[in-house]
Amino acid sequence: MFRHSLLKALVATSLLCSVPHIWAQNPDMQQKLMEIKQSAAANKQSLARYTWLEQQTTSIKGEVKKTQQFQVRIGPDGQQQKVELNPQAPAEPSGGRLKRHIVAKKTEEFKDYGQQIAELGKQYAQLDPQALDQAYQRGDISLQPNGAAGTVSLIIKNYLKPGDSLTLVFNRQQKALLSVQVASYLTDPSDAVRIAVQYDKLPDGTNHVASNQVTGVSKQLGVMIQNSSYQPIG
């Protein structure tokens, strides 16, 4: 009985230990991930040579509430630096003191929420090589079947947050991301956020985010980010 139990334990341990090695020995998946990571790194470096116009349109229940424009560039720390163009002061709410207070509080709440989901959308739009590697080692990356010719579609679970899901489409011939679809959340899974990113190429081949639609489901608040007018710096 002891020998039988010991044998079962050894077999179970062997199977568990072999899972990462199975993934590690998948050369086709490794090659696809390497191409995606190399493309992301090259584009991040290329974008540092550009400045561009970013337009953010915030809407609630489909009604546009605010449109902002920013001049953007990549700073020395690798993060985006933005300067708002022609900022407008918010309109003063009408009504009595209590009503104005409620409206101002609600406006600030939606503003903070919009900024949070917009930032989350940008985190998913710029792929994280370390997060990709960790998902690969866990076995959380799978190939989506029936992709278009010359492209690869990967489904990545638990990418940045437990329980999230990211689906990316990568053109292997052009070495460029085409799109990213994300189901995620802010601090709690009940506060769902949907993200849809589309990419485009500059004349020199640099791949960039063309549009990023971020939707906070619970508040029915959407932020559309559109990038254009790329110009070389200096």
Side-chain angles (χ1 to χ4, degrees), residues 32-33 36-37 39-40 43-44 47 52-70 72 80 82 110-129 131-132 135 140-148 150-172 174-202 206-230:
K32 290 180 172 68
L33 284 177
I36 292 169
K37 291 190 297 181
S39 172
N43 282 298
K44 185 174 183 180
L47 283 172
W52 66 91
L53 185 67
E54 175 187 299
Q55 179 169 294
Q56 281 195 23
T57 304
T58 303
S59 60
I60 300 175
K61 297 181 179 179
E63 181 182 349
V64 173
K65 295 296 184 179
K66 189 174 185 180
T67 300
Q68 298 169 278
Q69 290 187 329
F70 303 88
V72 188
Q80 290 187 4
K82 303 198 310 182
F110 277 109
K111 177 184 175 182
D112 291 344
Y113 185 81
Q115 290 175 343
Q116 289 178 52
I117 65 172
E119 180 58 33
L120 184 66
K122 289 188 175 184
Q123 289 179 32
Y124 281 98
Q126 304 297 331
L127 295 183
D128 184 338
L132 287 173
D140 280 340
I141 301 181
S142 59
L143 187 65
Q144 188 176 52
N146 304 321
T151 68
V152 57
S153 298
L154 298 181
I155 303 172
I156 306 168
K157 302 291 186 181
N158 308 306
Y159 171 66
L160 291 183
K161 299 187 177 189
D164 70 1
S165 176
L166 179 149
T167 301
L168 67 84
V169 180
F170 181 76
N171 188 311
R172 300 188 73 182
Q174 299 180 6
K175 306 296 184 186
L177 275 171
L178 300 181
S179 66
V180 164
Q181 300 282 335
V182 179
S184 187
Y185 54 91
L186 282 180
T187 57
D188 187 273
S190 63
D191 193 3
V193 177
R194 301 289 182 262
I195 301 164
V197 188
Q198 296 293 325
Y199 299 82
D200 202 353
K201 295 179 78 69
L202 298 177
T206 300
N207 203 35
H208 68 94
V209 175
S211 66
N212 189 346
Q213 175 66 61
V214 188
T215 304
V217 178
S218 64
K219 296 185 183 299
Q220 300 183 60
L221 189 150
V223 180
M224 169 60 86
I225 301 169
Q226 296 170 296
N227 297 313
S228 63
S229 304
Y230 282 77

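Any value given below was found using the heavy atoms of this structure, including those in side chains, with hydrogens, waters and symmetry copies removed.
- Under a 3.5 Å cut-off, the side chain of Tyr124 and the backbone N or O of Ala196 do not form any donor-acceptor pair.
- A donor-acceptor pair under 3.5 Å is formed between the side chain of Asn158 and the backbone N or O of Gly163.
- For the pair Lys65 and Phe110, the cation-pi test (distance below 6.0 Å, angle within 45°) is failed.
- Remark: the Asp191 side chain and the Ser218 side chain contain an N/O donor-acceptor pair separated by less than 3.5 Å.
- Asn207 and Asn43 share no side-chain donor-acceptor pair at under 3.5 Å.
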| task | Show your working on side-chain contact (heavy atoms from CB on, under 4.5 Å) between Thr57 and Val64 and close with a plain yes or no. | result | CA-CA 7 Å; Thr57 304; Val64 173; 3.8 Å; yes
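- Residues Gln181 and Leu166 fail the side-chain proximity criterion, which asks for heavy atoms closer than 4.5 Å.
- The backbone N or O of Val197 sits nowhere less than 3.5 Å from a side-chain atom of Asn212 that would complete a donor-acceptor pair.
- A donor-acceptor pair under 3.5 Å links the side-chain atoms of Ser39 to the main chain of Lys175, judged by distance alone.
- Two residues are said to be in side-chain contact when any heavy atoms from C-beta on lie closer than 4.5 Å; Leu221 and Ile117 meet this criterion.
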| said: Applying side-chain contact (heavy atoms from CB on, under 4.5 Å) to Leu132 and Lys37, what does each step give before you reach the verdict? | reply: CA-CA 8 Å; Leu132 287 173; Lys37 291 190 297 181; 3.9 Å; yes
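- Cation-pi geometry between Lys32 and Phe170 is not met: the NZ or CZ atom fails to fall both under 6.0 Å from the ring centre and inside 45° of the normal.
- Side-chain contact of Gln56 with Lys66: a donor-acceptor pair under 3.5 Å is absent, judged by distance alone.
- A heavy-atom distance below 4.5 Å is found between the side chains of Lys82 and Glu54.
- Considering all non-hydrogen atoms of both residues, Ala135 and Ile156 come closest at CB-CG2, 3.7 Å.
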| message | Arg194 vs Val217, test: side-chain contact (heavy atoms from CB on, under 4.5 Å). Steps then yes/no. | response | CA-CA 7 Å; Arg194 301 289 182 262; Val217 178; 4.0 Å; yes
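- Distance check: Met224 CE to Gln213 CD gives 4.0 Å after rounding to the nearest 0.5 Å.
- In Lys122, the NZ atom is crowded: over 12 heavy atoms of neighbouring residues, nucleotides or ligands sit closer than 6.0 Å.
- Side-chain contact between Lys161 and Val193 is absent, with no heavy atoms from C-beta onward closer than 4.5 Å.
- Thr151 and Val169 get closest at one heavy-atom pair: CB-CG1, 4.2 Å.
- No donor-acceptor contact under 3.5 angstrom links the side chains of Ser190 and Tyr185, judged on distance only.
- The ring-ring contact (aromatic ring centres under 6.0 Å, His included) check on Tyr230 picks up Trp52, His208, with sequence neighbours excluded.
- Minimum interatomic distance between Leu160 and Ala131 (heavy atoms only, all atoms of both residues): CD2-CB, 4.2 Å.
- Residues Ile155 and Ser165 are in side-chain contact: their nearest non-hydrogen atoms beyond the backbone lie under 4.5 Å apart.
- A donor and an acceptor atom, one from each side chain of Tyr159 and Asp140, are nowhere located under 3.5 Å apart.
- Summarising the geometry, atom CD belonging to Gln69 is positioned 5.0 Å from atom CG belonging to Leu53; distances are rounded to the nearest 0.5 Å.
- Minimum interatomic distance between Ser184 and Asp164 (heavy atoms only, all atoms of both residues): OG-CB, 4.0 Å.
- The side-chain heavy atoms of Leu127 and Leu168, taken from C-beta on, include a pair separated by under 4.5 Å.
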| query | Step by step, would you call Lys201 with Gln174 a side-chain contact (heavy atoms from CB on, under 4.5 Å)? | reply | CA-CA 10 Å; Lys201 295 179 78 69; Gln174 299 180 6; 3.7 Å; yes
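- Of all non-hydrogen atoms in Leu178 and Gln198, the two that sit nearest each other are O-OE1, 3.6 Å.
- Looking at Leu47 and Thr206, their side chains come closer than 4.5 Å, going by heavy atoms from C-beta outward.
- Using a 4.5 Å heavy-atom cutoff, the side chains of Leu120 and Val214 are not in contact.
- For Lys111, the NZ atom sits in a loose shell: 12 or fewer heavy atoms of surrounding residues, nucleotides or ligands are nearer than 6.0 Å.
- With rounding to the nearest 0.5 angstrom, the CD atom of Gln55 is 5.5 Å from the OG1 atom of Thr67.
- Val209 and Ala125 make their closest contact through CG2-CB, 4.0 Å (heavy atoms, listed as atom of the first residue, atom of the second, distance).
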